[in-house]
Amino acid sequence: MKKLLAIVGMGEGNGLAIARRFAKEGYAIAMLARNETKLKEFKNSLQTEGYEAHYFTADAGNENSLKSAFTSVKNIANPEVLVYNAAVPKMVNVLNETFDSLTNDFQVNVAGALVAVQSVLAGMRQQGKGTILLTGGGFALYPSPDFASLSIGKAGIRSLAKILSDVLKNEGIRVGTITICGTVNPRDPKYNPESIAENYWNFHTHPESESEIVY
C-alpha cells in the first residue's frame, strides 16, 4: 500500500521541508492550502527532485472545504501521516482584537486541525496505525499580548494534541505536537526548516516519543 503524507497549510518554509523529509523516505505527498499557484510550484519542485506529489486547494478555516479536499486525497491513498501546519500569524494587540477576528483565526488555528484529524481517522483505523502531528509554537508556553490570537491558537493546538493523544493511543494512532520556540529562519543553525522538519520525522519513527516535542 502506498505510504502517504498529507500536510495542511503547505508553505515554502516548514511545510516544504517536512514534505521533502518524508518524501526522501518513500512517502507520496498530498499538499493542501489555499494558494493554487504556490501549490503548483511546490508540486513541480518535488517532482523535479524525483518525488511523488499531489496538491488540493482547501481553506483550513472552512470545514466543508477541508472535508472535500480530504475526500479527493483518499483517491490516492489513506494518509498514514497527517501534518497540520496551518495558522494565522497575525500581529494584533489583545486589546485591539475583535470577536469576529479572533473567532475566524481560531477556525484556522485550531478547529481546522480537528476537522483534518476526523477526516483521516477512519483510514488510519483501517490500517491500524497512523501519525498525526500538529505544528505548535512557543506562544503556547509564553503568550504574547501583541500576538494574542496566535498565542491562544497555539495553546489550543497544544491542548488538542494532548487530548487526541490520550484518546487514540490505544488504537495504534500516535498524536503529537512540535512546539517550535523560535523564529523560523533558513540561516538559523537551529530554527531552519530542515532542522525543524527532522523533529517531525523523529516523532514518527520513535514510538516512545512524548506527545509534545519542545524545540
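As the structure is a prediction and not an experimental result, all values here were calculated from the model.
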Exercise. Quick one: are the ring centres of Phe70 and Phe56 less than 6.0 Å apart?
Worked result: no
Exercise. Going from CE on Met10 to CD on Glu12, what distance comes out if it is rounded to the nearest 0.5 angstrom?
Worked result: 10.0 Å
Exercise. How far apart are the closest heavy atoms of Ile157 and Ala113, and which atoms are they?
Worked result: CD1-CB, 3.8 Å
Exercise. Tyr215, Trp201: one ILVMFWY side-chain cluster at the under-4.5 Å cut-off?
Worked result: yes
Exercise. CG of Asn44 to CG of Leu39: how many Å apart, nearest 0.5 Å?
Worked result: 11.0 Å
Problem set entry | For Val94, the rest of its hydrophobic cluster, which grows through side-chain links under 4.5 angstrom | Leu95
For this session: Provide the full list of side chain to side chain donor-acceptor pair (under 3.5 Å) pairs with a residue in residues 116-125, sequence neighbours left out, each pair given once.
Result: Arg125-Glu171
Exercise. Residues two or more places apart in sequence or in another chain: which of them pass side-chain contact (heavy atoms from CB on, under 4.5 Å) with Ala58?
Worked result: Leu32, Ser65, Leu66, Ala69
Exercise. If you group Ile, Leu, Val, Met, Phe, Trp and Tyr whenever their side-chain heavy atoms sit less than 4.5 Å apart, what else falls in with Leu150?
Worked result: Met91, Phe139, Phe147
Exercise. Hydrophobic clusters join Ile, Leu, Val, Met, Phe, Trp and Tyr when side-chain heavy atoms are under 4.5 Å apart, directly or via other members; which others share one with Leu141?
Worked result: Tyr142, Val214
For this session: Sort out for me which residue in Thr205, Thr135, Asn14 forms a side chain to side chain donor-acceptor pair (under 3.5 Å) with Tyr200.
Result: Thr135
Problem set entry | Nearest non-hydrogen partners of Pro79 and Val73, listed with the distance | CG-CG1, 4.0 Å
Exercise. Does the side chain of Lys169 pick up a donor-acceptor pair with the side chain of Ser211 at under 3.5 Å?
Worked result: no
Exercise. Under 4.5 Å between side-chain heavy atoms, hopping through other hydrophobics if needed: is there a path connecting Leu160 to Leu82?
Worked result: yes
Exercise. Does a donor on one side chain and an acceptor on the other come within less than 3.5 Å for Ser45 and Tyr51?
Worked result: no
Problem set entry | Under 3.5 Å: donor-acceptor pair, side chain of Asn96, backbone of Val92 | no
Problem set entry | Selection residues 71-84 - residue pairs positive for side chain to side chain donor-acceptor pair (under 3.5 Å), sequence neighbours left out | Tyr27-Glu80
Seminar exercise, completed: Value for CD1 (Ile196) from CD1 (Ile180), rounded to nearest 0.5 Å, stands at 4.5 Å
For this session: Taking side-chain contact (heavy atoms from CB on, under 4.5 Å) as the test, write out the residues that go with Ala77, two or more places apart.
Result: Lys2, Leu4
Exercise. Of Val120, Thr131, Leu121, which is the lone residue that meets side chain to side chain contact (heavy atoms under 4.5 Å, CB included) with Ile173?
Worked result: Leu121
Exercise. Taking only residues two or more places apart in sequence or in another chain, which ones pass salt bridge (Lys or Arg N to Asp or Glu O under 4.0 Å) with Glu25?
Worked result: Arg21
Problem set entry | Greater than 12 external heavy atoms within 6.0 Å of Lys129's NZ | no
Problem set entry | Euclidean distance, Met31 CE relative to Leu16 CG, rounded to 0.5 Å | 8.5 Å
Problem set entry | Minimum heavy-atom distance between Ala161 and Val175, given as atom pair plus value | O-CG1, 3.7 Å
For this session: Heavy atoms only: give me the nearest Val8-Ala60 pair and the separation to one decimal.
Result: CG1-CB, 4.1 Å
Seminar exercise, completed: Tightest non-hydrogen contact, residues Glu36 and Thr57, listed as CB-CG2, 3.7 Å
For this session: Flag yes if Val115 and Leu134 sit in one hydrophobic cluster, no otherwise; membership is Ile, Leu, Val, Met, Phe, Trp, Tyr, and two members link when side-chain heavy atoms are under 4.5 Å apart.
Result: yes
Seminar exercise, completed: So the ring pair (Phe, Tyr, Trp, His ring centres under 6.0 Å) pairs with at least one residue in residues 156-190 (sequence neighbours excluded) are none
Problem set entry | Straight-line distance of Ile18 CD1 to Ile7 CD1, nearest 0.5 Å | 4.5 Å
Seminar exercise, completed: Sorted by chain and residue number, the side-chain contact (heavy atoms from CB on, under 4.5 Å) partners of Thr37 (sequence neighbours excluded) come out as Asn35, Glu41
Exercise. Where do Tyr191 and Cys181 come nearest, in terms of heavy atoms and distance?
Worked result: OH-O, 3.1 Å
Exercise. Does NZ in Lys190 sit with more than 12 non-hydrogen atoms of other residues, nucleotides or ligands closer than 6.0 Å?
Worked result: yes
Problem set entry | Under the side-chain contact (heavy atoms from CB on, under 4.5 Å) test, residues paired with Ile213 that sit two or more places apart | Ile178, Asn199, Phe203
For this session: Could you note down all residue pairs passing side chain to side chain donor-acceptor pair (under 3.5 Å) where residues 149-165 supplies at least one of them, sequence neighbours left out?
Result: Asp105-Ser149, Arg158-Glu212
Problem set entry | Check: His206 main-chain N/O paired with Ser209 side-chain donor or acceptor under 3.5 Å | yes
Exercise. Within a strict 4.5 Å, meaning less than it, do heavy atoms of the Met124 and Ile132 side chains meet?
Worked result: yes
Exercise. Hey, any chance Ile29 and Ile76 share a hydrophobic cluster, counting ILVMFWY side chains that come within less than 4.5 Å of each other, even indirectly?
Worked result: no
Exercise. How many angstroms lie between CD in Glu49 and NZ in Lys24, if you round to the nearest 0.5 Å?
Worked result: 8.0 Å
